[in-house]
Amino acid sequence: AESVLVSQQSHEELCKLLALNKAAAAHEQKLVVVSVSPQSRASLAARCKLGLLETAQKLTMFLKSLGVHYVFDTTFSRNFSLLESQQEFVRRFHKQADDKKALPMLASACPGWICYAEKTHGSFIIPHISTTKSPQQVMGSLVKGYFAEQKHLPPDRIYHVTVMPCYDKKLEASRPDFFNQEYQTRDVDCVITTGEVLKLLEQEGVSLADVDPAPLDTLLGGAAEELSTHPGGGSGGFLEHIFRHSAQELFGIHVDSIHYKPLKNKDFQEVTLERDGEVLLHFALAYGFRNIQNLVQKLKRGKCPYHYVEVMACPSGCLNGGGQIKLEGESSKEELQKVERLYESLRAEMPGENQAVRELYQHWLGGWGSERAQQVLHTQYHAVERANSALNIKW
Ligand code: SF4
């Protein structure tokens, strides 16, 4: 069933839906919403030799010309993932004396990693994985929850598409945890990769550079004037955000800049907060299968020294995801550097500073730390019996 759901998610599927929508009576039409990830936008911008805002606005116009109604940016939903992760980490830190599985907390935004953990290390690793939903799935909850309410539509009248840097996001969207039983609809109906957006442009005979710009939409209404990012790299900045926040909240220490110490390779690095020679916080990032295996072995031997690990399945993280566009005539290193430079060219924003995020916490989620925020913004994981575990692991 999982593979059928995944095969239903493609740019062809989106085209079919848009064609059906055009032919349908008004009361049967779906409201089509596309949420674009910042990693995909950077990859498209590099390929089309455009700036990030230009790319976002031209892509918005292109999608709307096909029949899409709203185009959002998943940087917005990442604010919620970062804020919930920071809060979850502090909670776990306080519990560590009574609960041996509270720490290390392991990042949850990468479905490649989650799938691997559930299928190969199941009940041992699961308690360590952050329950916070990924930016894609938070966007799913916001679009089929908040936005549907604003539009006075049931969630199944919205068709929600995300544009992502990897194929594993299709698997994530297909998880039963993100299926609304009452309305028989998924929070994210269809995931298309950055490469599939390029195919869509080619199929329509459109060069993005020639498209007129149109402003991006925002969930609270109105147009987005500019784009912003979060500090801490192309995989979302989870480590940096949680590190800064917990240094301040747990120890009253303000962290200005973060110094990474590479270990075996650039995809395994550590960050430490010390006071008078005592280690207060010890974080790491572990990208790519080799480093993840190493981390899991450390955990199994009870020798993992970290409080938090940003785990990502792809070497170099999400900007290097398998669904990104290959640049013609560039080596993979030059290609990645180009995309990274573009991605980091935006103004960095702290998630707690975003006024629209504050408003949604206050008026829709019932306040910071509320039961409703816990229910809407968190998920759960499931150990898979080892007998079935050989399936679907691509590494
Ligand atoms: Fe997808 Fe790779 Fe990012 Fe994981 S690290 S979310 S597999 S692009």
Side-chain angles (χ1 to χ4, degrees), residues 2 6 9 35-44 46-47 74-75 77-78 81-82 85 106-120 125 129-130 132-140 162-175 177-178 187-188 190-198 229-230 232-241 265-269 284-296 308-327 332 335-336 339-340 342-344 379 381 392-395:
E2 196 177 61
V6 170
Q9 302 184 48
S35 302
V36 183
S37 73
Q39 292 87 357
S40 299
R41 199 178 300 120
S43 177
L44 264 172
R47 167 64 186 240
T74 62
T75 310
S77 54
R78 192 166 68 194
S81 298
L82 291 169
S85 297
L106 306 175
S108 57
C110 169
W113 145 241
I114 298 294
C115 214
Y116 166 75
E118 287 181 323
K119 289 181 176 173
T120 56
I125 297 280
I129 303 176
S130 161
T132 302
K133 284 184 187 174
S134 71
Q136 168 173 278
Q137 294 310 138
V138 170
M139 201 66 190
T162 59
V163 176
M164 288 286 146
C166 74
Y167 289 90
D168 287 347
K169 286 282 168 189
K170 299 181 191 236
L171 270 179
E172 183 181 53
S174 308
R175 288 173 73 88
D177 307 281
F178 304 132
D187 293 341
V188 177
C190 178
V191 179
I192 58 177
T193 63
T194 323
E196 287 170 323
V197 170
L198 189 66
T229 189
H230 297 115
S235 298
F238 285 85
L239 180 149
E240 288 205 12
H241 180 72
N265 51 67
K266 69 172 179 34
D267 278 336
F268 202 154
Q269 303 197 40
L285 56 81
Y287 291 179
F289 182 50
R290 205 160 37 116
N291 292 322
I292 292 178
Q293 268 189 321
N294 194 340
L295 172 75
V296 169
Y308 175 81
V309 188
E310 184 179 286
V311 190
M312 295 285 157
C314 296
S316 304
C318 294
L319 289 174
N320 191 34
Q324 297 282 69
I325 300 166
K326 300 277 159 259
L327 299 184
S332 54
E335 193 176 288
L336 183 60
V339 178
E340 279 172 349
L342 269 166
Y343 182 88
E344 283 159 12
T379 184
Y381 308 103
N392 279 324
I393 297 171
K394 290 181 281 173
W395 299 327

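Start at 1 and go down the list; that is how both ligands and their atoms are numbered. The chain is numbered in sequence order, starting from 1.
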Original post:
Is there a donor in the side chain of S134 and an acceptor in the side chain of E172, or the other way round, less than 3.5 Å apart?
Top reply: yes

**OP:** Taking side-chain hydrogen bond (donor to acceptor under 3.5 Å, both in side chains) as the test, write out the residues that go with S316, two or more places apart.
**Re:** K266

Original post:
Thinking salt bridges, do R47 and E335 make one under a 4.0 Å N-O criterion?
Top reply: no

Original post:
How close do V311 and C110 get, heavy atom to heavy atom, and via which atoms?
Top reply: O-CB, 3.9 Å

Original post:
Excluding waters, which protein N, O or S atoms are within less than 2.8 Å of atom 1 (Fe) of ligand 1?
Top reply: C166 SG

Subject >> For Y308, all residues meeting ring-ring contact (aromatic ring centres under 6.0 Å, His included), sequence neighbours excluded >> reply: F283

**OP:** Apply side-chain hydrogen bond (donor to acceptor under 3.5 Å, both in side chains) to S85 and list each qualifying residue two or more places apart in sequence or on a separate chain.
**Re:** none

